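Predicted model only: the values in this text are computed from it and were never measured.
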Amino acid sequence: MSELSRPVDPAKLIAFQGELGAYSDLACRMSRPEMNTLPCRTFEDAFAAVRDGKAALAMIPIENSVAGRVADIHHLLPESGLHIIGEHYQRINHHLLALPGTKLEDVTEVYSHVHALNQCRDFLKEHAITPVVAVDTAGSAKDIAKSGDTTKAVIASELAGEIYGLASLAADIEDAEHNTTRFVVMSKEAVVPHPKAGKAVTSFIFRVRNVPASLFKALGGFATNGINITKLESYIVDGTFIAAQFYADCEGHPENRDLRLALEELDFFTSNMRILGVYPPHPYRLQQKLEDE
């Protein structure tokens with residue numbers, strides 16, 4: 001059996017949604033360079049790969065600094081059966097990729113995910129290239145590589161170009177220089193850092209009771225205990241508009257007194273409160289906080 005065909009130990013695999021060369025694939029390689037990546041068709045498939053022992057970890061996108069929240073992800077995370085054990089921030093550098101020998105002036109159409117196309121609107125307008133919405137970035141690169149058509153290009157990562165043998169006609173074509181995606185790393189078992197190990201981020205979900213000022217009362221303990229909530233988003237569950245479920249990130253470890261008291265008060269005013277993970281903050285998060293101060 002050759003080295004290339006030898007099965008990879010699941011303990012050394014990290015799953016992601018998408019084709020090889022997707023930005024999630026790139027995030028896996030940047031965050032866990034010692035591991036091999038496992039492409040999955042859907043987020044549910046990536047979760048299942050970890051639950052079923054086919055992979056040790058999953059890399060899941062949460063939000064993008066330009067496009068906002070990844071659709072449906074907050075509905076999927078609580079039901080995944082997995083725990084958040086880390087986070088990763090990936091800078092998104094879009095490339096215009098085409099078949100080798102293609103000239104920029106020859107390109108009339110470009111294929112990619114709708115968000116990637118929207119994030120490169122100025123570049124496409126400047127070069128009079130028609131955007132065509134496709135399922136994803138890396139899948140588009142794979143299709144263009146097979147097409148043999150030098151009038152078509154794709155917006156994808158440099159990694160996708162390397163994997164599918166495409167040439168980069170232009171680099172960093174995104175409109176916003178801050179274009180960054182936040183991912184969470186998930187595993188079957190919780191990996192909680194020691195309360196005194198350093199800074200920590202705690203992610204949790206909760207549902208407020210259908211009473212006046214319930215959210216205000218639920219979050220009051222975070223203010224009185226000096227806990228910084230860095231993310232708070234609501235979404236509808238069970239098809240009802242009566243009560244909303246919330247996803248939140250905050251600074252601190254739940255075993256430390258200040259956050260423990262805040263969570264106890266939160267639990268009193270809410271239902272279905274559940275911690276999804278406790279993990280060290282990514283350096284990008286700490287850098288952003290320094291710049292804001």
Side-chain angles (χ1 to χ4, degrees), residues 1-64 70 72-92 136-139 142 157 159-160 162-163 180-195 197-205 231 247 249 253-255 274-286:
M1 181 181 292
S2 69
E3 192 65 32
L4 289 177
S5 61
R6 193 181 303 279
V8 178
D9 181 358
K12 298 180 180 179
L13 281 176
I14 178 168
F16 69 92
Q17 185 277 323
E19 298 272 2
L20 289 172
Y23 285 103
S24 292
D25 185 12
L26 178 61
C28 290
R29 298 176 190 226
M30 296 296 291
S31 176
R32 298 293 194 277
E34 74 282 4
M35 303 183 76
N36 295 98
T37 61
L38 177 65
C40 299
R41 190 176 64 86
T42 65
F43 289 125
E44 290 93 334
D45 290 340
F47 295 142
V50 179
R51 285 198 308 268
D52 298 342
K54 297 177 181 178
L57 304 174
M59 180 71 72
I60 305 298
I62 293 291
E63 59 189 334
N64 175 266
V70 175
D72 296 329
I73 198 63
H74 294 332
H75 291 278
L76 299 174
L77 286 181
E79 307 304 321
S80 68
L82 305 181
H83 303 267
I84 301 174
I85 65 166
E87 65 177 355
H88 176 73
Y89 288 80
Q90 182 62 51
R91 177 72 171 85
I92 304 301
D136 56 29
T137 58
K142 186 177 182 179
S157 67
L159 174 63
E162 295 172 357
I163 290 174
T180 302
T181 298
R182 179 184 177 232
F183 294 81
V184 291
V185 182
M186 307 192 74
S187 73
K188 191 172 182 178
E189 302 295 334
V191 180
V192 180
H194 191 277
K199 295 183 182 298
V201 177
T202 297
S203 297
F204 56 97
I205 58 169
K231 181 179 179 65
Y247 169 93
D249 294 330
H253 195 293
E255 292 185 31
R274 178 152 56 96
I275 292 177
L276 300 179
V278 183
Y279 48 93
H282 188 270
Y284 182 89
R285 176 192 289 270
L286 300 176

With rounding to the nearest 0.5 Å, note down the distance linking [atom1] in [X] to [atom2] in [Y].
X: Arg285; Y: Glu87; atom1: CZ; atom2: CD; answer: 4.0 Å
X: Ile92; Y: Thr180; atom1: CD1; atom2: OG1; answer: 7.0 Å
X: Gln17; Y: Cys40; atom1: CD; atom2: SG; answer: 8.5 Å
X: Ile14; Y: Ser31; atom1: CD1; atom2: OG; answer: 6.0 Å

Hey, is the main chain of [Y] close enough, under 3.5 Å, to the side chain of [X] for a donor-acceptor pair?
X: Arg51; Y: Leu82; result: no
X: His74; Y: Ile205; result: no
X: Asp9; Y: Ala11; result: yes
X: Arg274; Y: Pro78; result: yes

Could you pull out all residues at least two apart from [X] that satisfy side chain to side chain donor-acceptor pair (under 3.5 Å)?
X: Asn36; answer: none
X: Arg91; answer: Glu174
X: Lys231; answer: Glu63, Glu233

Exercise. Could you label the plane-to-plane angle of the His282 and Tyr89 rings as parallel, tilted or perpendicular, counting under 30° as parallel and over 60° as perpendicular?
Key: tilted
If you look at every heavy atom in [X] and [Y], which pair is closest and at what distance?
X: Leu13; Y: Lys54; answer: CD1-O, 3.4 Å
X: Ala46; Y: Ala15; answer: O-CB, 4.0 Å
X: Asn64; Y: Thr181; answer: ND2-OG1, 2.9 Å

Quiz item: Which is it for Ile84 and Val201 under the side chain to side chain contact (heavy atoms under 4.5 Å, CB included) test, yes or no, and what are the steps along the way?
Solution: CA-CA 10 Å; Ile84 301 174; Val201 177; over 6 Å; no
Practice problem: Could you check Leu77 against Met186 for side chain to side chain contact (heavy atoms under 4.5 Å, CB included), going step by step and ending with a plain yes or no? | Solution: CA-CA 9 Å; Leu77 286 181; Met186 307 192 74; 3.4 Å; yes
In a table with atom names and distances, give each donor-acceptor pair under 3.5 Å that connects a side chain of residues 19-28 to protein atoms at least two apart or in another chain.
unit_1: Tyr23; atom_1: OH; unit_2: Asn93; atom_2: O; d: 3.2
unit_1: Tyr23; atom_1: OH; unit_2: His94; atom_2: ND1; d: 2.8
unit_1: Tyr23; atom_1: OH; unit_2: Ala156; atom_2: O; d: 3.3
unit_1: Tyr23; atom_1: OH; unit_2: Ser157; atom_2: N; d: 3.4
unit_1: Asp25; atom_1: OD1; unit_2: Arg29; atom_2: NE; d: 2.9
unit_1: Asp25; atom_1: OD1; unit_2: Thr37; atom_2: OG1; d: 3.0
unit_1: Asp25; atom_1: OD2; unit_2: Gly21; atom_2: N; d: 2.8
unit_1: Asp25; atom_1: OD2; unit_2: Arg29; atom_2: NE; d: 3.4
unit_1: Asp25; atom_1: OD2; unit_2: Arg29; atom_2: NH2; d: 3.1

Practice problem: Could you go through the side chain to side chain contact (heavy atoms under 4.5 Å, CB included) check for Val192 and His253 one step at a time? | Solution: CA-CA 9 Å; Val192 180; His253 195 293; 3.5 Å; yes
Exercise. Would you mind listing every ring-ring contact (aromatic ring centres under 6.0 Å, His included) that reaches into residues 26-61, with sequence neighbours excluded?
Key: none
Quiz item: Under the salt bridge (Lys or Arg N to Asp or Glu O under 4.0 Å) test, which residues partner Arg41, sequence neighbours left out?
Solution: Asp45
